[in-house]
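What you are looking at is a predicted structure, and each value in this text was computed from that prediction instead of being measured. All ligand and atom numbering here is 1-based and tracks the order in the structure.
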Amino acid sequence: MHAPGDVRVEEREDPRILLPTDAIIRLSAACICGSDLWPYRGVEAVKGPAPMGHEYVGVVQEIGSEVRNLTPGQFVIGSFFASDNTCVICQAGYQSSCIHREPVGGLGAQAEYLRVPLADGTLVATPDTPPDDLIPSLLAASDVLGTGWFGAVAAEVGPGKTVAVVGDGAVGLLAVLAAKQFGAERIIAMSRHEPRQKLAADYGATHIVTERGDEGVARIKELTDGLGAHSVIEAVGTQESMMQSIRSTRPGGHVGYVGVAHDVQLPGDELFFSHVHLHGGPAPVRRFLPELIDLIWNRQIDPGKVFDLALPLEQAAEGYKAMDERRAIKVLLNP
Ligand SMILES: [Zn+2]
């Protein structure tokens, strides 16, 4: 990305092993994230030209001399922060705050090859080489599924609960899928876009609310005896979506916020009297990868349906445009 709105596919030098804990993978598929739209729209500064992409699946090509758990030829999945998976923070399940974490985004996963730091801790191998039709779902596990899943965990979704999901991007839709897996009784998807409403229903949404802001909150209250939902998953990251989430949650309930926050300011007095639990942040996707891979491998979940447009990597610029204009939910790029 050279500047907001300016994405180009260019030749770069192939990544090399820099540290003995690195691995090089050949990407089987890449994709564009909703969070890539923040710099694309100029909401976040572009330190351009910057390599883009932080979601990846692929085949191990080469490993550093200290990598023990991987061998070339294995199919692997990682997520947007590399982590050692051994420090006390990782052991507590917060690998995305690993004391040695490294962002993968700056390395550029919208590419043919990627250097993955801390490979032993970061990458999880699939049982075997996956059939082609599972690759989109495995790629979804790298970020959007893992993030939606964490949203549901953070919002303490469980059997018998009413869950509301704010945001109908890929993360929000997969939070619906997660809520269904966790046994939620009612799942309210907040969406105004017909194709996304349909996918939300496929993934287990029992109600669709098209209103947003205060009207959206009022609709959630109407559906919950005036109380609000037990669990609300926030998957946007704006002031409006965060307040909509907090106000849609009943006293004692939980908000799981996983939309990357942009200029969100929480009013302390309202928070104080809300009695709402808040938990969220960058999802520790690594914590969930073994379980998510297992569910995908056994075809119990199909998160890859969020990819409604696939393009060759050379057409990445068109992919960004399609997502920016909301013509596509999520774009898969074939290297
Ligand atoms: Zn760690």
Side-chain angles (χ1 to χ4, degrees), residues 15-25 27 30 33 35-36 51-72 74-109 111 113-127 138-156 171 174-175 178 237 256-261 277-296:
R16 293 176 293 113
I17 299 279
L18 299 181
L19 291 170
T21 45
D22 288 346
I24 304 296
I25 66 171
L27 295 159
C33 186
S35 64
D36 294 331
M52 297 298 292
H54 54 262
E55 300 159 275
Y56 52 98
V57 293
V59 178
V60 177
Q61 294 294 293
E62 194 186 343
I63 55 172
S65 59
E66 287 175 21
V67 175
R68 298 280 172 266
N69 304 336
L70 300 164
T71 48
Q74 279 183 311
F75 190 94
V76 291
I77 304 169
S79 70
F80 45 85
F81 277 118
S83 54
D84 59 21
N85 207 34
T86 54
C87 76
V88 289
I89 303 298
C90 285
Q91 291 296 301
Y94 287 84
Q95 289 90 340
S96 42
S97 275
C98 173
I99 62 172
H100 296 121
R101 76 173 183 185
E102 288 189 47
V104 174
L107 306 175
Y113 293 92
L114 176 69
R115 179 178 71 87
V116 181
L118 302 171
D120 269 342
T122 304
L123 295 171
V124 181
T126 53
L138 293 166
L139 179 59
S142 173
D143 180 354
V144 282
L145 174 61
T147 296
W149 201 268
F150 177 56
V153 168
E156 307 228 340
V171 170
L174 293 173
Y257 57 98
V258 290
V260 181
H277 300 73
L278 299 180
H279 183 31
V285 176
R286 176 65 183 80
R287 190 205 309 178
F288 309 115
L289 276 178
E291 182 185 2
L292 299 178
I293 290 170
D294 192 55
L295 287 167
I296 293 165

Inter-residue atom distance I77.CD1 - L138.CG, 0.5 Å rounding: 4.0 Å
Let me confirm one number: the CD-CD1 distance from Q61 to I24, rounded to the nearest 0.5 Å. 9.0 Å
Charged N to carboxylate O under 4.0 angstrom, R115 versus D22? yes
Keeping waters out of it, list the protein N, O or S atoms under 2.8 Å from the Zn ion (ligand 1). D84 OD1, C87 SG, C90 SG, C98 SG
Do the side chains of V285 and F150 get nearer than 4.5 Å, heavy atoms only? no
Would you say the side chain of V116 lies within less than 4.5 Å of the side chain of I25, judging by non-hydrogen atoms? yes
Between H54 and D36, does a side-chain contact (heavy atoms from CB on, under 4.5 Å) hold up when you go through it step by step? CA-CA 9 Å; H54 54 262; D36 294 331; 3.6 Å; yes
